[in-house]
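One structure below.
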There are 2 protein chains.
Amino acid sequence: MLQTDQKVSLAVSTVVFALRPHPTTGRMTLWLPLVRRIREPYEGRWALPGGPLEPDEDLAASAQHTLERTTGLTPRYLEQLYSFGAVDRSSVADRDGRVVSIVYWALTRPEEMARAIDGENVEWFVADDVSGLAFDHDQIVRYALDRLRAKITYSPIAHAFCDDEFTLAELREVHEAVRGCRFDPANFRRQALASGWFEPTGRSVQGTSHRPPALYRFRPSEETS
Amino acid sequence: MLQTDQKVSLAVSTVVFALRPHPTTGRMTLWLPLVRRIREPYEGRWALPGGPLEPDEDLAASAQHTLERTTGLTPRYLEQLYSFGAVDRSSVADRDGRVVSIVYWALTRPEEMARAIDGENVEWFVADDVSGLAFDHDQIVRYALDRLRAKITYSPIAHAFCDDEFTLAELREVHEAVRGCRFDPANFRRQALASGWFEPTGRSVQGTSHRPPALYRFRPSEETS
DNA sequence: GCCGCTTAGTGTTGACCTGACCATAAGAGG
DNA sequence: CCTCTTATGGTCAGGTCAACACTAAGCGGC
């Protein structure tokens with residue numbers, strides 16, 4: 001247990017969002033998975049899934065692998081959120097050394113939620129209601145929510161919550177759940193199509209008790225990276 | 001030189017922007033300061049100012065102090081940019097251990113440029129022309145430029161390049177330099193004032209050979225953080 | 001088959017924003 | 001007084017957006 005000088009150590013954590021109906025209101029809402037801490041500091045509290053950065057893994061790969069290992073999730077969208085490194089963030093007075101966290105945020109489809117429940121130590125919570133988390137994770141969740149709500153307005157990420165083919169009504173429901181307000185179906189459709197991010201598949205949904213909605217898919221951008 | 005296991009170490013670097021006339025065209029352009037590396041890897045190459053994260057400093061404070069120490073600069077605006085941590089970013093085959101950099105970006109006024117030139121090992125370069133930097137710093141500079149050019153369109157950061165009191169023509173010149181295009185003075189004025197970010201000081205500039213322009217100041221936002 | 005219900009999708013309209021451009025204001029210098 | 005310069009205000013055509021009326025196309029009941 002050779003301890004060098006008070007070195008800073010690096011962890012990678014991820015805020016994963018999925019959409020599910022709210023337990024009381026029934027309206028679509030953002031949920032996120034948390035894992036229970038099984039050691040000090042903050043033993044027994046809920047925290048974001050994460051772990052130390054492995055020396056041979058890139059940052060995003062580390063987020064992905066840690067997430068897979070601790071929650072079983074493999075999200076469709078993953079992006080760096082922010083790095084948190086306040087001196088006292090691990091706990092006000094601790095001698096475990098200082099931890100800097102590079103935090104990612106991710107989006108996943110609701111099917112993943114079922115697969116992810118891993119017994120006692122992983123649980124999903126309504127994103128807007130979480131509080132009392134370990135470390136500064138309350139603040140991180142808030143920050144991730146703000147980023148998601150901002151980014152959905154100018155980028156096509158909403159489709160990461162949907163299946164490969166989706167109706168515009170489904171896409172609109174994602175926006176409504178994330179932004180917390182309703183959108184006019186007609187206007188939403190116009191803007192979604194005008195953005196050029198989506199294209200019709202030619203298929204449509206059968207068996208509805210009304211006019212069958214057309215199916216769309218995300219159109220990968222033309223960028224030649 | 002007791003080397004523990006292949007631990008990852010943490011550095012903080014900063015991309016600092018200032019505006020100065022372009023050496024050949026004379027048009028206002030973005031510049032940034034670089035420091036020459038005085039050890040391997042990349043000895044002799046230019047690199048972003050930065051240094052290891054001190055265990056008792058917050059991330060932003062570390063950026064600020066390292067910047068002050070290496071270049072003498074104390075920017076007016078400082079914000080986290082991104083964290084870079086590819087496994088091979090230090091150099092493809094090195095045994096100095098892996099370095100993860102948390103990079104900040106900063107804006108400063110042109111007066112600072114004069115104060116900052118520190119002899120041989122600090123020099124300012126035209127931001128769009130830098131290349132051949134150490135590590136992945138070319139890519140980081142590009143990323144910072146993109147962020148600056150995006151953010152200036154929806155936030156009042158342009159004022160960080162100006163004095164405390166400035167004319168709308170000066171503010172417009174900042175936008176033109178950063179975005180690389182011209183703006184109609186009348187339209188720019190309307191939008192700047194409609195944004196609510198700026199307010200007239202009541203004073204104006206005397207001694208111009210034309211109608212004296214009014215002076216404005218940045219109006220700190222009402223947010224009760 | 002016809003009616004009523006539901007959601008899909010189209011059209012219209014007025015408020016607002018934007019960019020291009022014209023006009024006037026207010027200084028300096030001849 | 002005339003000219004030149006930039007500041008600042010006005011106008012107008014085109015585009016975007018939200019509200020809302022309307023048509024399309026499925027279902028089930030009768």
Side-chain angles (χ1 to χ4, degrees), chain A residues 21 26-28 149-150 152-156 158-159 162-163 165-219, chain B residues 21 26-28 149-150 152-156 158-159 162-163 165-219:
Chain A
R27 299 187 49 68
M28 274 296 188
R149 290 190 168 124
I152 204 174
T153 66
Y154 62 88
S155 100
H159 87 274
C162 300
D163 289 328
E165 299 197 353
F166 46 85
T167 67
L168 292 182
E170 287 162 354
L171 194 68
R172 177 166 48 88
E173 192 179 20
V174 170
H175 277 84
E176 292 179 341
V178 171
R179 302 283 309 286
C181 59
R182 324 229 44 182
F183 295 102
D184 180 289
N187 295 333
F188 181 86
R189 134 180 292 269
R190 250 188 303 268
Q191 289 172 235
L193 294 181
S195 73
W197 291 327
F198 313 105
E199 60 188 7
T201 65
R203 278 181 290 280
S204 57
V205 178
Q206 307 300 329
T208 61
S209 73
H210 54 274
R211 175 169 174 174
L215 284 167
Y216 294 81
R217 74 168 73 89
F218 175 63
R219 185 216 302 239
Chain B
R27 301 186 46 68
M28 275 296 189
R149 291 190 166 123
I152 203 174
T153 66
Y154 62 87
S155 99
H159 88 274
C162 300
D163 289 328
E165 297 196 355
F166 47 86
T167 67
L168 291 182
E170 287 163 353
L171 194 67
R172 177 165 48 87
E173 192 179 21
V174 170
H175 276 84
E176 291 178 343
V178 171
R179 302 283 310 284
C181 59
R182 326 231 40 187
F183 296 101
D184 179 285
N187 294 334
F188 180 85
R189 133 180 294 270
R190 250 189 302 270
Q191 289 173 235
L193 294 181
S195 72
W197 292 326
F198 313 105
E199 60 188 7
T201 66
R203 279 181 290 278
S204 57
V205 178
Q206 306 300 326
T208 61
S209 72
H210 55 274
R211 174 169 176 176
L215 284 167
Y216 294 81
R217 75 168 72 90
F218 176 63
R219 182 215 301 237

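Lettering follows sequence order; numbering is per chain, from 1. Source: prediction; values computed, not measured.
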- Message: Tell me every residue that passes side chain to side chain donor-acceptor pair (under 3.5 Å) with B:R149, counting only those two or more places apart in sequence or in another chain.
- Response: B:D128
- Item | Between CZ on residue A:F188 and CZ on residue A:R182, distance to nearest 0.5 Å | 12.5 Å
- Quick one: label A:P185 by what it contacts on the DNA or RNA (base, sugar-phosphate, nothing), any heavy atom closer than 4.0 Å. nothing
- Out of curiosity, B:E170 CD to B:H175 NE2, how far, rounded to the nearest 0.5 Å? 13.5 Å
- Query: Quantified as the angle between the terminal helix axes (five pairs each), what is the overall bend of the helix from C:dG1-D:dC30 to C:dG30-D:dC1 to 10 degrees?
  - Reply: 10°
- Which ones in residues 190-198 of chain A lie close to DNA chain D, meaning a heavy atom under 4.0 Å from one of its atoms? A:R190, A:Q191
- Message: Run the salt bridge (charged side-chain N to carboxylate O under 4.0 Å, His left out) test against A:R189 and tell me which residues pass, sequence neighbours left out.
- Response: none
- Under the side chain to side chain donor-acceptor pair (under 3.5 Å) test, residues paired with A:R190 that sit two or more places apart: A:N187
- Note on the structure: Taken to the nearest 0.5 Å, the spacing of B:Q191 CD from B:L168 CG works out to 12.0 Å
- Message: Quick check for you: to the nearest 0.5 Å, what is the distance between B:H159 atom NE2 and B:W197 atom CH2?
- Response: 11.5 Å
- Query: How are the rings of B:F198 and B:F166 set to each other: parallel, tilted or perpendicular (split at 30° and 60°)?
  - Reply: perpendicular
- Query: What is the minimum heavy-atom distance between B:F183 and B:R172, and which atoms define it?
  - Reply: O-CD, 3.7 Å
- Query: With B:A214, which residues qualify under side chain to side chain contact (heavy atoms under 4.5 Å, CB included), at least two apart?
  - Reply: B:Y216
- What are the two closest non-hydrogen atoms of B:T153 and B:R179, and how far apart are they? CG2-NH1, 3.3 Å
- Query: Hey, where on DNA chain D does chain B first and last touch, going 5' to 3'? Cut-off is any atom under 4.0 Å from a heavy atom.
  - Reply: D:dT5 to D:dT11
- So which heavy atom on A:A177 is nearest to which on A:M28, and how close? CB-O, 3.5 Å
- Within residues 165-177 of chain B, the residues having a heavy atom closer than 4.0 Å to DNA chain D are B:A169, B:R172
- The first and last nucleotides of DNA chain C lying within contact of chain A, meaning any atom under 4.0 Å from one of its heavy atoms, run from C:dT6 to C:dT12
- Message: For A:R203, give me all partners under salt bridge (charged side-chain N to carboxylate O under 4.0 Å, His left out), at least two apart in sequence or on another chain.
- Response: A:E165
- Task: Using the closest heavy atom to pick a nucleotide of DNA chain D for each, name whichever of B:H210 or A:S209 lands nearer the 5' end.
- Result: B:H210
- Sequence neighbours left out, what passes side chain to side chain donor-acceptor pair (under 3.5 Å) with A:E199? Give chain and number order. A:R217
Quiz: residues 204-212 of chain B side-chain donor-acceptor pairs under 3.5 angstrom, not counting sequence neighbours:
residue : atom : partner : partner atom : Å
B:S204  : OG   : B:Q206  : NE2          : 3.2
B:T208  : OG1  : B:H210  : O            : 2.8

